Amino acid sequence: MNQESDLILLVEDNENHALLIKSALLESEFKINLVHVCNGEDALDFLYCRNRFSCGDSRACYPRPKIIFLDLRLPGMDGLNVLKTIKTSEVFYDIPVVILTSSTAEPDIVRAYYLRANSYLVEPEDFALFRRQILDTVNYWLKWNITPLL
């Protein structure tokens, strides 16, 4: 992977939603490497460079994501458990996790923020609005938001 790019991890089991997100990111002003996984286990394997994402110097192969877009409804380990694992990790807790879902259920929203989601976005049905939502979110986290130098 190219280290000069901003890496975004997309955890989404719906291939159509993933394609819409990929399409929107192509319009971004940023040079983005997108890693798409379809379930929670693969998301954690990617972050921890294990199983199919394992290679000698794992951070050279798979740099740390700048943003994680995370769906809630995933096969196997659901998005809330992935979020909990990320946000309780000393290594990954500071990566912005944006919940990107179709769920407007109040318990999902409350639980996501309780587990320290950085943002909760409901996927609009209108593609133009969805594209704008993705681009604005990427701009916010990669351009407008200020983070401490670590």
Side-chain angles (χ1 to χ4, degrees), residues 1-89 91-103 108 112-113 115-147 149-150:
M1 280 195 176
N2 184 346
Q3 295 265 1
E4 297 174 16
S5 308
D6 292 311
L7 189 133
I8 294 176
L9 176 60
L10 172 61
V11 188
E12 172 62 69
D13 65 321
N14 184 313
E15 195 60 40
N16 290 330
H17 290 181
L19 288 172
L20 291 174
I21 293 165
K22 290 173 189 179
S23 173
L25 291 174
L26 288 175
E27 298 176 30
S28 170
E29 67 185 71
F30 299 98
K31 187 173 180 185
I32 292 175
N33 275 327
L34 181 72
V35 173
H36 172 221
V37 296
C38 297
N39 61 61
E41 292 84 359
D42 281 351
L44 295 178
D45 283 350
F46 176 83
L47 289 171
Y48 287 100
C49 300
R50 57 188 187 206
N51 296 323
R52 72 180 177 112
F53 297 103
S54 174
C55 72
D57 182 5
S58 53
R59 277 301 143 218
C61 295
Y62 303 107
R64 182 182 157 89
K66 297 279 181 95
I67 307 169
I68 299 171
F69 283 109
L70 177 62
D71 188 18
L72 290 183
R73 308 286 184 257
L74 298 168
M77 177 185 283
D78 71 13
L80 290 172
N81 282 311
V82 174
L83 175 65
K84 181 179 181 180
T85 302
I86 293 168
K87 291 301 184 175
T88 57
S89 164
V91 179
F92 302 117
Y93 75 92
D94 59 334
I95 298 173
V97 178
V98 176
I99 302 300
L100 191 58
T101 184
S102 58
S103 174
D108 286 340
Y113 279 114
L115 294 172
R116 298 184 180 92
N118 296 90
S119 187
Y120 191 104
L121 302 177
V122 176
E123 301 164 340
E125 292 184 20
D126 176 78
F127 175 68
L129 183 57
F130 186 60
R131 189 182 101 263
R132 184 81 257 144
Q133 186 181 61
I134 295 298
L135 291 173
D136 285 350
T137 302
V138 169
N139 274 319
Y140 175 79
W141 287 109
L142 296 183
K143 182 178 181 181
W144 303 325
N145 186 57
I146 304 296
T147 58
L149 299 176
L150 299 176

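Values reported hereafter were calculated over all heavy atoms of this structure, with side chains retained and with hydrogens, waters and symmetry mates removed. Note that the structure is a prediction, hence the values are computed from the model and not measured.
Between Phe53 and Phe46, the ring-plane angle classifies as perpendicular under the 30° and 60° cut-offs.
Interatomic distance, Ser119 OG to Gln133 CD, rounded to the nearest 0.5 Å: 8.5 Å. Atoms NE2 and CG, on His36 and Asp42 in that order, are 10.0 Å from each other to the nearest 0.5 Å. Note that the CG atom of Leu25 and the CD1 atom of Ile32 stand 5.0 Å from one another [nearest 0.5 Å]. Note that CG of Leu83 is 8.5 Å distant from CG of Leu72, once rounded to the nearest 0.5 Å. Taken from CG in Leu80 to CG in Leu115, the straight-line distance is 6.0 Å, to the nearest 0.5 Å. Here the CG-CD1 distance, from Leu34 to Ile8, works out to 6.5 Å after rounding to the nearest 0.5 Å.
In terms of the salt bridge (Lys or Arg N to Asp or Glu O under 4.0 Å) criterion, residue partners of Lys66 (sequence neighbours excluded) are, by chain and number, Asp6. Considering only residues two or more places apart in sequence or on other chains, Asn14 meets the side-chain hydrogen bond (donor to acceptor under 3.5 Å, both in side chains) condition with none of them.
Residues Leu121 and Ile99 fail the side-chain proximity criterion, which asks for heavy atoms closer than 4.5 Å. In this structure, the side chains of Val82 and Val11 stay at 4.5 Å or more apart for every pair of heavy atoms. The shortest side-chain heavy-atom distance between Val98 and Tyr120 does not fall under the 4.5 Å cut-off. Counting only heavy atoms from C-beta outward, the side chains of Val122 and Leu100 never approach each other to under 4.5 Å.
Checked against the 6.0 Å centroid criterion, the rings of Phe92 and Tyr48 qualify as a close aromatic pair.
Applying the salt bridge (charged side-chain N to carboxylate O under 4.0 Å, His left out) test to residues at least two apart or on different chains, none of the pairs has a partner in residues 117-128.
Not a single donor-acceptor pair under 3.5 Å links the side chain of Asp108 to the backbone N or O of Ser103. Although no hydrogens or angles enter the test, the distance criterion places no donor-acceptor pair under 3.5 Å between the side chain of Glu12 and the main chain of Leu70.
Between Gly40 and Leu74, the shortest heavy-atom distance links the atoms N-CD1, 3.9 Å.
Salt bridge absent: Asp94 and Lys87 never bring a charged side-chain N and a carboxylate O closer than 4.0 Å.
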